Colleague: 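This is the structure, below, for whatever I ask next.
In what follows, every heavy atom counts, from backbone to side chain, and hydrogens, waters and symmetry copies are set aside. Only a predicted model underlies this, so the values are computations on that prediction, with no experimental measurement involved.
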Amino acid sequence: MKTGNFAPTCASVLAGSLAAFLLFLQPAMSPSEAVAAENLKAPAIVTYEVTNYGKRENKVPVTFGAVFAAGDVPAGTSIEAGDGSGHRVQLQVDRKASNRDGSLRHAVLTLVLPRIATGATIPVTLRRAEGSGPNAMPVALSDIPPDFDASVILTTKGHRLTTSARAALFHAKPDTWLNGPYVTEWWATEPLRDEHGVADPHLIVQFGIRSYGKGAPLRVEVDVENDYTWVPHPQTEFYDAQITLNGKPVFTKSGMVQPAHTRWRKGFWWKEPIDAYVEQNLDYLKKTRAIPNYDPYLAISPSAVADTYQQFEASDRDPMGAGIIVKYMPTTGGRTDIAPLPQWQALYLLTMDPRMYQVMLQTADLGASFSSHYRNEKTGRPATLEDYPKISTHSNYVGKPHQLELPDTGGYTDPLVPDAAHEPALDFVPYLVTGDRFYLEEIEFWSQWNATGTAPEYHGFGQGLYSWDQVRAQAWSLRTLAQAEFIAPDLDPLKKVLTRELRANIAWYNSHFLGGADSNSLGLLWQRDETSPYEAGRSIAPWQDDFFTWTLGYIQSLGDVNALALLRWKARFSVGRMVGSGFCWILAPSYDLVVRDSAASDLYATFGNVYRASLSDRLNKGQHGSPDMECGGEVMAHALGLRPGEMVENAVGPDGYSAFLQPALAAAVDSGAQQSGAAWQLFMARAVKPNFADEPGWDIVPYSLPPQLR
């Protein structure tokens with residue numbers, strides 16, 4: 001029995017990386033080792049690199065997630081896999097999500113490599129195939145070893161609560177997540193019961209059992225949850241925990257504290273582990289538009305990966321810890337977990353370093369420690385706003401009649417505090433590249449929780465609106481919702497709910513800003529009843545607005561909901577701060593900009609008015625100069641304490657306000673917004689820029705640029 005994480009272990013990553021450099025590429029498999037001797041002739045879709053860090057070298061099964069560009073795998077076709085010589089490799093395709101044209105969007109793939117030496121790397125290429133793939137009998141429950149069992153034992157207040165995987169699998173009908181001739185994965189939920197067989201009302205265990213067949217490796221996942229929504233008397237749980245495989249302890253931790261609406265995860269291999277790493281293809285990931293278009297010419301500093309890994313290793317990575325996630329999410333200031341994707345995920349994508357893969361997955365696991373998880377005890381799935389349209393998690397509502405109960409904390413103050421305004425995108429990329437059901441549910445949990453922190457009428461009851469929140473919270477909440485909607489499986493009951501919510505949100509903005517009551521010529525996101533914290537309501541934070549603009553561009557690129565008209569209108573505010581008439585681009589990334597005379601006034605009609613009022617505000621606060629000084633010249637630089645041609649507000653910082661502006665301008669270019677090309681060209685021509693080599697999270701460029709703008 002082997003324990004550890006599903007990602008490559010720390011020791012194996014370091015040893016395996018060295019081995020990969022020292023060994024030649026694995027020789028091509030002979031025809032006798034391949035399923036078929038003929039070369040595959042269909043055009044290649046994508047090639048992955050598979051490295052074996054484990055000891056098993058023959059018939060090595062490898063399961064991973066794969067996302068596909070629209071049209072690459074049309075409806076009615078499938079995929080076949082080949083090695084570096086084009087010989088066919090056994091492949092199981094578990095289809096999950098489809099593109100709008102019916103082509104395959106996301107699947108969980110399982111390869112069976114006839115032979116791959118420890119430390120070796122081989123390329124595997126996917127090609128389109130006719131038909132639906134192998135139709136042999138799937139791996140069955142009867143293939144699970146008769147001596148297999150996994151148990152969870154929680155000792156609390158003198159009571160012993162237990163449950164087992166075998167009972168969950170064989171005494172109830174489990175859900176099937178993967179199903180085929182090379183791997184089947186079952187999911188079953190069981191309560192924890194005391195010595196008298198009485199089920200605990202709050203604590204449950206989800207078991208995920210992945211079997212590669214009789215006598216083959218078996219993966220065990222254990223998720224301990226305290227996340228039911230309406231069960232009476234929710235509470236923080238205090239216990240000592242133990243997980244056993246076949247009666248032998250594989251995880252023990254005393255003094256655990258689990259607040260309500262949280263869960264934690266551990267994974268193990270039964271007897272023989274599989275320790276293989278699939279290096280995704282960055283160019284193809286970009287082609288699918290699932291990830292931002294990071295600058296292809298950026299060279300990542302080797303120290304960036306080493307430093308991030310060291311920070312991760314030194315963090316609290318035990319269940320109910322936060323790792324390198326900021327524990328108190330409302331914390332302000334520059335942070336590595338805030339960007340379109342967290343810095344560690346950007347580093348993973350841009351280097352494909354196995355250490356960053358491990359950091360990414362284990363950090364996503366720890367996101368479950370935050371109290372943002374509400375499971376519908378009737379359906380067994382994450383609760384949605386359509387399930388409970390009147391739900392609110394706001395302190396003014398929790399504890400009131402017909403609302404959520406206030407949990408009994410037992411005197412424990414939870415240091416982990418979720419916040420939509422500073423919410424990292426923890427789970428989308430992990431689910432994309434692994435196909436692990438746990439990460440899918442995590443995205444769904446967060447997407448629903450983000451809307452609940454207000455009165456039910458403000459989140460539109462079942463619509464799940466975010467417009468009531470801070471602008472940055474609206475941006476990150478929409479990003480999470482769009483990711484969940486894009487990647488949720490076609491057969492997932494939440495898929496249609498997520499689509500309806502995303503459409504409802506875009507429709508709300510369309511109705512209010514595209515000719516509605518809040519329409520304005522600046523392209524500025526605001527609400528008339530909002531009291532801005534800046535300058536007594538006169539100013540807004542343009543960088544929060546930039547977050548929102550990028551998010552609209554991302555939604556449009558994902559392709560399921562049409563946000564183009566809103567995006568082009570919204571892009572005015574980012575573009576206008578660069579090339580708008582009467583506005584000097586030096587002030588474009590200001591921390592705040594004056595946009596009206598008072599909190600009771602309408603917005604200014606022109607960027608020239610915004611610039612004059614904002615510059616005057618700076619000069620009135622002690623900076624020296626005149627309102628008519630030359631834009632970007634030496635006089636302005638001296639007056640504002642800058643170098644000639646330098647933007648305000650930390651122009652060199654990779655997490656500064658000019659860095660925040662870059663993805664918004666990239667989205668504007670992709671939308672075809674007026675003057676967006678000129679704005680991008682001016683922005684990239686500036687003399688003082690950030691160095692993104694250590695922190696690449698904001699270094700996002702348009703998906704396609706005209707030659708004159710490259």
Colleague: Salt-bridge test for Glu221 and Arg437: reply yes if a basic N is under 4.0 Å from a carboxylate O, no otherwise.
Modeller: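 Salt bridge flag = no for Arg437 with Glu221.
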
Colleague: Do the side chains of Asp387 and Arg375 get close enough for a salt bridge, i.e. N-O under 4.0 angstrom?
Modeller: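 Salt bridge flag = no for Arg375 with Asp387.
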
Colleague: Would you find more than 12 non-hydrogen atoms of other residues, nucleotides or ligands less than 6.0 Å from Lys327 atom NZ?
Modeller: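 Counting other residues, nucleotides and ligands, NZ of Lys327 stays at 12 neighbours or fewer.
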
Colleague: Of the non-hydrogen atoms in Ser447 and Leu481, which two are nearest, and what is the gap between them?
Modeller: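 So the two residues come closest at CB-CA, 4.1 Å.
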
Colleague: Would you mind reporting whether Leu366 and Gln362 have side-chain heavy atoms less than 4.5 Å apart?
Modeller: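 Side chain of Gln362 against side chain of Leu366, heavy atoms only: no contact under 4.5 Å found.
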
Colleague: What about Phe660 and Trp698, are their ring centers closer than 6.0 Å?
Modeller: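 Yes, they do, as the ring centres are separated by less than 6.0 Å.
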
Colleague: Aromatic ring centroids of Phe486 and Tyr554 under 6.0 Å?
Modeller: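 Aromatic pair excluded; centres sit 6.0 Å or further apart.
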
Colleague: For the residue pair Ser671 and Leu564, what are the closest heavy atoms and their distance?
Modeller: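 Shortest heavy-atom contact: O-CD1, 3.9 Å.
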
Colleague: Minimum heavy-atom separation for Val205 and Val222, please, with both atom names.
Modeller: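 For Val205 versus Val222, the nearest heavy atoms are CG1-CG1, 3.9 Å.
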
Colleague: Taking side chain to side chain contact (heavy atoms under 4.5 Å, CB included) as the criterion, tell me which of Val595, Asp592, Val648, Leu593 meets it with Ser614.
Modeller: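 For Ser614, the side chain to side chain contact (heavy atoms under 4.5 Å, CB included) check succeeds only for Leu593.
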
Colleague: Can you tell if the side chain of Gln403 reaches within under 4.5 Å of the side chain of Ser392, non-hydrogen atoms only?
Modeller: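 They are in side-chain contact.
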
Colleague: How far apart are the C-alpha atoms of Asp560 and Arg105, what are their side-chain angles, what is the distance that settles it, and do they pass the salt bridge (Lys or Arg N to Asp or Glu O under 4.0 Å) test?
Modeller: CA-CA 12 Å; Asp560 283 350; Arg105 170 178 290 174; 2.7 Å; yes

Colleague: Do Tyr431 and His106 have their ring centres less than 6.0 Å from each other?
Modeller: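 That pair passes the under 6.0 Å test.
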
Colleague: Taking the ring centre of each residue, are Trp569 and Phe513 less than 6.0 Å apart?
Modeller: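 Centroid distance Trp569-Phe513: below 6.0 Å, so yes.
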
Colleague: Any cation-pi pair here, Arg263 with Phe438, using under 6.0 Å and within 45°?
Modeller: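 Positive - Arg263 is close enough to the ring of Phe438 and near enough to its axis.
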
Colleague: Return the set of residues passing side chain to side chain contact (heavy atoms under 4.5 Å, CB included) with Tyr412 (not counting sequence neighbours), or none when no residue passes.
Modeller: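 Counting only residues at least two positions away or on another chain, Tyr412 forms a side chain to side chain contact (heavy atoms under 4.5 Å, CB included) with Thr236, Phe238, Val257, Pro259, Asp414, Pro415.
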
Colleague: State whether Phe573 and Arg577 meet the cation-pi test: NZ (Lys) or CZ (Arg) under 6.0 Å from the six-membered ring centroid, and within 45° of the perpendicular axis.
Modeller: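 The answer is yes, since Arg577 meets both limits relative to Phe573.
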
Colleague: Answer with yes or no after comparing the ring centroid distance for Trp230 and Tyr388 against a 6.0 Å cut-off, counting only values under it.
Modeller: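 Distance test on ring centres: under 6.0 Å, yes.
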
Colleague: Could you check if a side-chain atom of Arg500 sits within less than 4.5 angstrom of a side-chain atom of Glu386, using non-hydrogen atoms only?
Modeller: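 Yes; the side chains approach each other to less than 4.5 Å.
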
Colleague: Determine whether Tyr239 and Leu161 make a side-chain contact, defined as any pair of heavy atoms from C-beta on separated by less than 4.5 Å.
Modeller: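 The answer is no; the side chains never approach within 4.5 Å.
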
Colleague: Could you verify whether a donor N or O on one side chain and an acceptor N or O on the other, from Glu237 and Gln235, lie under 3.5 Å apart?
Modeller: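 Indeed, the side chains of Glu237 and Gln235 share at least one donor-acceptor pair under 3.5 Å.
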
Colleague: Do Tyr374 and Trp449 have ring centres separated by under 6.0 Å?
Modeller: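 They do not qualify: ring centres at least 6.0 Å apart.
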
Colleague: Both conditions, 6.0 Å and 45 degrees, for the charged tip of Lys253 above the ring of Trp264: are they met here?
Modeller: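 Because its charged atom misses either the 6.0 Å distance or the 45° angle limit, Lys253 does not stack over Trp264.
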
Colleague: Going by the rule salt bridge (charged side-chain N to carboxylate O under 4.0 Å, His left out), which residues pair with Glu190 if we only count those two or more places apart in sequence or in a different chain?
Modeller: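 Result, salt bridge (charged side-chain N to carboxylate O under 4.0 Å, His left out) vs Glu190: none returned.
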
Colleague: Are Val224 and Gln258 side-chain neighbours, meaning at least one heavy-atom pair lies under 4.5 Å?
Modeller: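 In contact.
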
Colleague: Would the number of heavy atoms belonging to other residues, nucleotides or ligands and lying under 6.0 Å from NZ of Lys400 be above 12?
Modeller: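 Buried by this count: over 12 neighbours within 6.0 Å.
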
Colleague: Can you name the nearest heavy-atom pair linking Pro382 to Glu444, along with the distance?
Modeller: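 Looking at all heavy atoms of both residues, the shortest contact is CG-OE1, 3.9 Å.
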
Colleague: Centre-to-centre under 6.0 Å for Trp543 and Tyr591, is that the case here?
Modeller: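 That pair passes the under 6.0 Å test.
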
Colleague: Tell me, do Tyr397 and Pro456 make a side-chain contact under 4.5 Å, heavy atoms counted?
Modeller: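 Of all side-chain heavy-atom pairs linking Pro456 with Tyr397, at least one is under 4.5 Å.
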
Colleague: State, with a plain yes or no, whether a side-chain heavy atom of Met329 is found less than 4.5 Å away from one of Val417.
Modeller: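 A side-chain contact under 4.5 Å is absent here.
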
Colleague: Asp365 and salt bridge (Lys or Arg N to Asp or Glu O under 4.0 Å): which partner among Lys266, Arg265, Arg317?
Modeller: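 For Asp365, the salt bridge (Lys or Arg N to Asp or Glu O under 4.0 Å) test succeeds with only one of Lys266, Arg265, Arg317, which is Arg265.
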
Colleague: Looking at Tyr458, I'd like to know if its OH atom is crowded, meaning that more than 12 non-hydrogen atoms belonging to other residues, nucleotides or ligands lie closer than 6.0 Å.
Modeller: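 No - once you tally the heavy atoms of other residues, nucleotides and ligands closer than 6.0 Å, there are 12 at most.
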
Colleague: Side chains of Gln448 and Thr384: any donor to acceptor distance under 3.5 Å?
Modeller: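 There is no such pair between these side chains.
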
Colleague: Got a donor-acceptor contact below 3.5 angstrom from the Asp200 side chain to the Leu203 backbone?
Modeller: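 Side chain of Asp200 to backbone of Leu203, a donor-acceptor pair under 3.5 Å: yes, one is there.
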
Colleague: Are the side chains of Asp699 and Gln662 in touch, meaning some heavy atoms are under 4.5 Å apart?
Modeller: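 Yes. Closest side-chain heavy atoms under 4.5 Å.
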
Colleague: If we ignore angles and hydrogens, is there a donor and acceptor under 3.5 Å between the side chains of Tyr228 and Asn376?
Modeller: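 No, no side-chain donor-acceptor contact under 3.5 Å.
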
Colleague: Taking 4.0 angstrom as the limit, do Arg381 and Asp492 come out as a salt bridge?
Modeller: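 Answer for the salt bridge query: yes.
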
Colleague: Do you know which two heavy atoms are closest between Pro424 and Pro342, and how far apart they sit?
Modeller: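 Scanning both residues completely, I find the closest heavy atoms to be CB-CG, 4.1 Å.
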
Colleague: Starting from the C-alpha separation in whole Å, work towards a yes-or-no answer on ring pair (Phe, Tyr, Trp, His ring centres under 6.0 Å) for Trp344 and Phe312.
Modeller: CA-CA 10 Å; Trp344 58 82; Phe312 166 75; 9.1 Å; no

Colleague: Below 30° counts as parallel, above 60° as perpendicular, anything between as tilted: where do the rings of Trp550 and Trp476 land?
Modeller: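 Taking Trp476 first and then Trp550, their aromatic rings sit tilted (interplane angle of 30° to 60°).
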
Colleague: For a quick test of reading the model, state the closest non-hydrogen atom pair linking His459 to Pro389 and the distance between them.
Modeller: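 Shortest heavy-atom separation between His459 and Pro389 comes out as CE1-O, 3.2 Å.
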
